[in-house]
Amino acid sequence: VPNDAVPASQRGSWTSFLKSIASFSGDLSSLTAPPFILSPVSLTEFPAYWCEHPDIFAAIADAKDDESRALAVLRWFISTLKGQYTSRNESMGSEKKSVINFPPRNVPTHLTRNRPLNPVLGELFYGKWPATSTSSSSQGTTTLLVEQVSHHPPITAYVIENKTKGLRLIGHNAQKTSFSAGSIIVKQIGHAILTVSLPNNTKVEYLITLPRLRIDGLWYGSPYIELTDTSYIVGGGYVSTIEFKGKGYFSGKSHSFKAVVSPSSSASSSSSSASSTPSSYTSYFSSNNNNNSNSNSTPSNSTPTTHTIDGTWHTTSSYTSGKFRGRPFHDVSSDHHHHHHGKTGSKKVEVTAVGGGGGGDGDGGGEEMGEFETRRLWRDVARGIREGDFESASREKGRIENEQRQRRKDEQAAGTTWALKHFVRVESDPVYERLGKLIKIVPPTEDTYVFQDNSPVKP
Ligand code: CLR
C-alpha cells in the first residue's frame with residue numbers, strides 16, 4: 001500500500017506534497033515542504049560529515065608514497081559516506097529519541113528531519129575535532145569553518161584543516177534538484193581540493209568531485225538516499241574512479257561502489273598538460289593490473305600499480321584486483337565516529353555534528369556565538385521543529401527570512417553588497433583545470449571560493 005508509512009492524519013499533506021514536486025521543475029530548495037519533514041539542521045552544518053573520521057583523515061599524511069597516499073585519500077572519502085547519506089535516517093531511530101526529544105508524536109521518524117534548513121547569506125558554522133584519547137597525540141586537531149557564500153542559488157563553502165598533519169581541504173557545494181520516475185535526483189555541483197603538505201616542503205593536491213543522489217522511497221513515505229554516477233579523486237600521480245550503484249547492480253546490494261585506483265599518465269602535481277584518460281573501467285573489466293609503470297613524483301621503491309576495490313560504502317569493501325587482492329580495504333563498523341564540539345545557544349556543548357538533534361540544551365561554559373552562527377541564528381526555529389511546535393517554527397523562520405530580505409533591500413539602496421567573511425569568489429580554479437584535464441572533466445573550468453587565510457577565525 002503506497003503511503004503506508006505515513007500516518008493517516010498526515011497522508012493528505014504528504015500526497016499533495018508529492019504531487020507538487022512531481023509537477024515541479026527547477027530548484028527544489030524553493031519548494032515549501034510540509035512541516036513534518038523539516039529538519040532542525042541547516043545545510044551549513046553538512047560539511048561536518050567530512051570531519052567525522054579525523055583519524056582516517058590524519059592517516060593521509062602518514063602515507064609513505066603516492067600510491068598509498070592515493071589509497072588513503074580514497075579510504076577517508078569512503079569512510080565519510082555513511083554519515084553523509086544514511087545517518088539522518090538512522091538518527092531518527094528509537095535509540096536516540098529520548099536524547100533529542102524528537103520526533104513529535106504521530107509522525108513516523110523516517111519522514112521527519114529530511115528537509116534541511118536553507119541557510120542565509122553569510123551564515124557561519126565552526127567545528128573542532130581534537131585528537132582522541134585513544135589515538136596518539138600526533139594525530140592533531142581537525143577544524144572546520146563553513147560559510148554560506150550564496151543564497152540564490154544556495155552555495156556553501158568550507159575549509160577543513162589539520163595543521164599538525166599538514167592537511168587542508170577547501171571546497172564548496174550546491175545542489176541542482178529535479179524529479180524523475182518517482183525519485184528526486186540531486187546533482188551535486190562544486191568540488192573540493194585537498195592539499196597535503198609533505199615534510200620535504202612539497203605539496204600534493206587532489207581534486208575531489210561528488211556523486212549524484214537519488215532520493216527513493218518517496219511514494220511509500222520512507223525516503224532514503226542512493227548514490228549514483230561517478231566520483232573522481234585526481235592528483236598525486238593517481239586517479240580514483242568511484243562508481244556508485246544501488247540495488248540490482250554490481251553485487252545487487254544497495255549502496256554499492258566499485259573504485260579503480262590507477263596511476264595517471266602525467267607526473268602528479270606538475271602542471272603538465274598530458275591528458276590521456278586513466279585506465280579506469282577498461283582496466284577493471286579486463287581485470288588487468290600491475291600494468292602501468294609511469295614514474296611519479298614522490299620517490300618510492302614500488303612500481304605504481306592499479307587497484308580495484310569493491311563493496312558497499314555503509315559496510316565493508318575489499319581489494320578485488322591488484323597487489324592487495326583479497327585483502328580488506330575498509331570496514332565501517334571498526335571506524336570510530338567522532339562528534340565535534342559545537343555550540344548551542346550561548347553555551348559551548350559537545351553535540352552530534354549533523355542529524356543528531358542540531359544541538360539541544362547542553363550546559364557548560366563557553367563563548368558567545370555570533371548572530372550569524374547557524375545554531376544561534378536558527379535556535380528558535382530548531383526548537384519549534386524539535387518540539388513539534390510548527391507554528392512557532394514557521395513564525396521564527398519567517399522573521400529570519402524577512403530580516404534577510406530587508407538587508408538585501410538596504411544594501412541595494414546603499415549601493416553595497418554583502419561582504420563574505422572568509423572567502424572571495426573567483427571565476428576559475430587553476431587546480432581544478434589542471435587536475436580535471438586528467439579525467440576530461442566537464443565543465444573544464446568552474447568558479448570557486450578562495451579561502452582568506454588571514455580572516456579572523458573563531459576557535
Ligand atoms: C548536502 C551536502 C552534503 C551531502 C548531502 C546529503 C544529503 C542531501 C544534502 C547534501 C542536500 C539536501 C538534500 C539532502 C537529502 C535531502 C535534501 C538533497 C547533498 C533535500 C533538499 C530534501 C528533500 C525533501 C524530501 C524528503 C522530499 O555533503
Side-chain angles (χ1 to χ4, degrees), residues 3 5-6 10 13-22 24 26-53 77-92 103 107-119 125 127 144 146 148-149 153-158 160 169 171-180 182-192 208-229 231 244 255 313-314 353-355 374 385:
N3 268 353
V6 185
Q10 307 278 10
S13 145
W14 179 249
T15 305
S16 60
F17 174 62
L18 287 184
K19 282 188 185 143
S20 67
I21 51 178
F24 190 80
D27 185 1
L28 270 185
S29 68
S30 59
L31 194 76
T32 319
F36 60 85
I37 71 162
L38 286 181
S39 144
V41 181
S42 162
L43 272 179
T44 52
E45 295 207 24
F46 280 50
Y49 287 126
W50 294 114
C51 307
E52 293 190 336
H53 301 287
F77 177 82
I78 296 294
S79 77
T80 67
L81 300 179
K82 186 182 183 221
Q84 307 240 25
Y85 301 112
T86 71
S87 65
R88 284 169 311 281
N89 278 337
E90 286 176 2
S91 70
M92 297 165 214
V107 178
T109 51
H110 51 270
L111 257 191
T112 56
R113 314 169 97 241
N114 267 301
R115 176 68 174 95
L117 297 169
N118 194 16
F125 182 63
L144 169 68
V146 185
Q148 187 69 16
V149 292
I155 305 174
T156 310
Y158 55 88
I160 292 161
L169 179 78
H172 68 276
N173 54 46
Q175 298 87 34
K176 260 216 175 86
T177 38
S178 57
F179 196 80
S180 162
S183 305
I184 295 176
I185 309 293
V186 183
K187 185 181 181 218
Q188 297 204 73
I189 301 170
H191 63 271
I208 301 173
T209 71
L210 304 164
R212 198 174 285 228
L213 280 63
R214 211 180 52 223
I215 306 179
D216 287 332
L218 288 169
W219 182 242
Y220 293 93
S222 44
Y224 72 96
I225 293 172
E226 190 55 270
L227 298 182
T228 68
D229 271 25
S231 265
F244 295 100
H255 304 341
W313 45 262
H314 66 310
V354 186
T374 196
I385 294 172

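Because the structure is a prediction, the values reported are computed rather than measured. Numbering of ligands and ligand atoms starts at 1, following listing order.
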Test of proximity, Gln84 against ligand 1: N or O pairs below 3.5 Å | yes
Quick check: does any side chain N or O of Ser231 sit under 3.5 Å from a backbone N or O of Thr209, one acting as donor and the other as acceptor?
-> yes
Option of least heavy-atom distance to atom 19 (C) of ligand 1 (set: Arg115, Lys187, Gln188, Glu45) = Gln188
Could you check Gln188, Lys187, Arg212 and say which one makes a side-chain hydrogen bond (donor to acceptor under 3.5 Å, both in side chains) with Asp229?
-> Arg212
For ligand 1, the portion of Ile225 having any non-hydrogen atom under 4.0 Å away = side chain
Hey, which atoms in ligand 1 end up nearer than 4.0 Å to a heavy atom of Val186?
-> 18 (C)
Tyr85 to ligand 1, any heavy atom closer than 4.0 Å = yes
Should the pair Trp50 and Tyr158 be assigned to parallel (<30°), tilted (30 to 60°) or perpendicular (>60°) ring geometry?
-> parallel
Within 4.0 Å of some non-hydrogen atom of Ile184, the atoms of ligand 1 are 27 (C)
Between Glu226 and His255, is there a donor-acceptor pair closer than 3.5 Å when you use the side chain of the first and the backbone of the second?
-> yes
To the nearest 0.5 angstrom, please state how far the CZ atom of Phe46 sits from the OG1 atom of Thr156.
-> 9.5 Å
Please could you name the atoms of ligand 1 that Ile215 approaches to less than 4.0 Å, counting only its heavy atoms?
-> 16 (C)
Output for pair (Lys82 NZ, Glu52 CD), nearest 0.5 Å, gives 11.0 Å
